[in-house]
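Scope of the values below: all heavy atoms of this structure, side chains included, with no hydrogens, waters or symmetry mates.
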Amino acid sequence: MARAKKTDYKVKQQIVYPSQGVGTITKIFEKEFNGETTLYYKIYLEVSDMVVMVPVSHAKDLGIRPIVDEKEAKKALEILSEDFEPITSDWKLRYQMNLDLLKKGTIADIAKIVRCLYNRSKVKELPIQERKLYDNAKKLLEDELSIALGKDIEQIEALIHEKLEPPGAAPKIKHQLIQDEDDDDDVFDMEDEGSKSRVDDDDDEDDEDDEEEGQEESLERRAEEEDEFDDEEDYD
């Protein structure tokens, strides 16, 4: 039977499914398809309240792994406060690089994503896709650390924040990026140029109005002088 066959995980064991979250093996069973019998893990993912079925033979290829031990968990926490070289300012390339790390799924990789995007968010607000990636990685890190260290989520959140924001310490980035190539910067610059152009146009219009008003006042003044001159001649 299926349960007699050797598997890497057991029923009720908690695992990490990269990009999906922490899950629990709820069942190991055989299923026949196209005349072939395949052994499956049935995994419950609490974060998404979803059940997935993964062929036992493909679990390793998908990056499914056990929860790390306490020692590895503490190493991941330390990564959050380590010095690091900031990656590209092109958010699309940065997003893909971090997404690849998330798919690899080691707890060290996940910690690096959280560290990178947290510090980037302090420089500039993250694009929506990166914000979702950050939230996903942070949740995955919190859940695994909670199990590995035997602490509740609130305690883990406090530990992560403390590592990212040590009291009285500045962000630990070795070099500042000089050029920012985020797409939304271009939009912002275009808006600024448009605003400046509109202001310049308004100033030109104001100058033209002032000139026209000056000419009108001059003509009115000249007409009044001529009237006064005519009055004086009549008086004489």
Side-chain angles (χ1 to χ4, degrees), residues 1-82 95-118 129-130 132-161 163-164:
M1 295 297 292
R3 291 179 182 275
K5 294 182 179 180
K6 184 179 179 181
T7 59
D8 293 329
Y9 308 106
K10 300 176 181 179
V11 173
K12 296 185 179 180
Q13 183 176 351
Q14 290 178 300
I15 52 87
V16 173
Y17 191 157
S19 303
Q20 301 296 326
V22 172
T24 303
I25 307 290
T26 60
K27 187 178 180 180
I28 300 174
F29 65 99
E30 286 182 335
K31 184 176 181 180
E32 188 173 325
F33 182 71
N34 287 340
E36 294 185 2
T37 300
T38 304
L39 191 62
Y40 285 87
Y41 291 121
K42 185 176 182 180
I43 305 171
Y44 173 66
L45 301 167
E46 184 177 358
V47 66
S48 56
D49 192 23
M50 182 172 64
V51 173
V52 296
M53 293 185 296
V54 176
V56 170
S57 59
H58 292 166
K60 188 174 182 179
D61 295 336
L62 293 172
I64 291 175
R65 61 173 176 80
I67 301 292
V68 296
D69 59 22
E70 182 178 353
K71 183 179 179 180
E72 286 298 309
K74 289 181 176 179
K75 283 183 179 179
L77 271 174
E78 292 305 316
I79 287 174
L80 298 175
S81 56
E82 289 178 354
Y95 174 82
Q96 187 59 54
M97 292 171 69
N98 280 320
L99 187 61
D100 291 341
L101 285 178
L102 188 66
K103 289 177 180 178
K104 286 174 61 179
T106 70
I107 193 169
D109 289 331
I110 296 167
K112 289 175 184 176
I113 297 170
V114 172
R115 179 188 64 188
C116 169
L117 296 183
Y118 176 80
Q129 284 181 285
E130 273 199 306
K132 289 180 178 178
L133 179 60
Y134 170 74
D135 290 341
N136 189 8
K138 184 170 180 286
K139 176 61 178 171
L140 184 53
L141 183 63
E142 289 171 351
D143 288 347
E144 184 166 11
L145 289 177
S146 176
I147 296 169
L149 299 177
K151 298 180 182 294
D152 59 38
I153 292 296
E154 290 74 17
Q155 290 175 305
I156 295 300
E157 288 175 345
L159 282 173
I160 290 175
H161 182 74
K163 292 298 181 180
L164 291 170

Between the main-chain N or O of Y41 and the side-chain N or O of Y9, is there a donor-acceptor pair closer than 3.5 Å? no
So, the side chain of T24 versus the backbone of Q14: is there a donor-acceptor pair under 3.5 Å, distance only? no
Suppose we screen for salt bridge (charged side-chain N to carboxylate O under 4.0 Å, His left out). Which residues come up paired with E46, at least two apart in sequence or across chains? none
Under the salt bridge (charged side-chain N to carboxylate O under 4.0 Å, His left out) test, residues paired with K112 that sit two or more places apart: none
With a 4.5 Å heavy-atom cut-off, do V54 and Y17 have their side chains touching? yes
Note: Y44 and D49 closest approach over all heavy atoms is OH-OD1, 2.8 Å
Are E78 and K74 close enough for a salt bridge, meaning some N to O gap below 4.0 Å? no
Please report the interatomic distance CD(E30) to CD(E32), rounded to the nearest 0.5 Å. 9.5 Å
Is any NZ, NE, NH1 or NH2 atom of the basic residue among D100 and K104 found under 4.0 Å from an Asp or Glu carboxylate oxygen of the other? no
Donor-acceptor contact below 3.5 Å, side chain Q155 vs main chain D152: yes
E154 atom CD, neighbour heavy-atom count above 12 within 6.0 Å: yes
Take I64 and D8, measure what side-chain contact (heavy atoms from CB on, under 4.5 Å) needs, and give me the verdict at the end. CA-CA 10 Å; I64 291 175; D8 293 329; over 6 Å; no
Can you name the closest pair of heavy atoms from L45 and G23 and give their distance? CD2-CA, 3.8 Å
For the pair K139 and E142, find out whether any cationic side-chain nitrogen is under 4.0 Å from an anionic carboxylate oxygen. no
Nearest heavy-atom neighbours spanning A148 and A73: CB-CB, 3.7 Å
Do the side chains of V16 and I107 get nearer than 4.5 Å, heavy atoms only? no
Heavy-atom nearest pair, L149 first then E70, reads CD2-CG, 3.7 Å
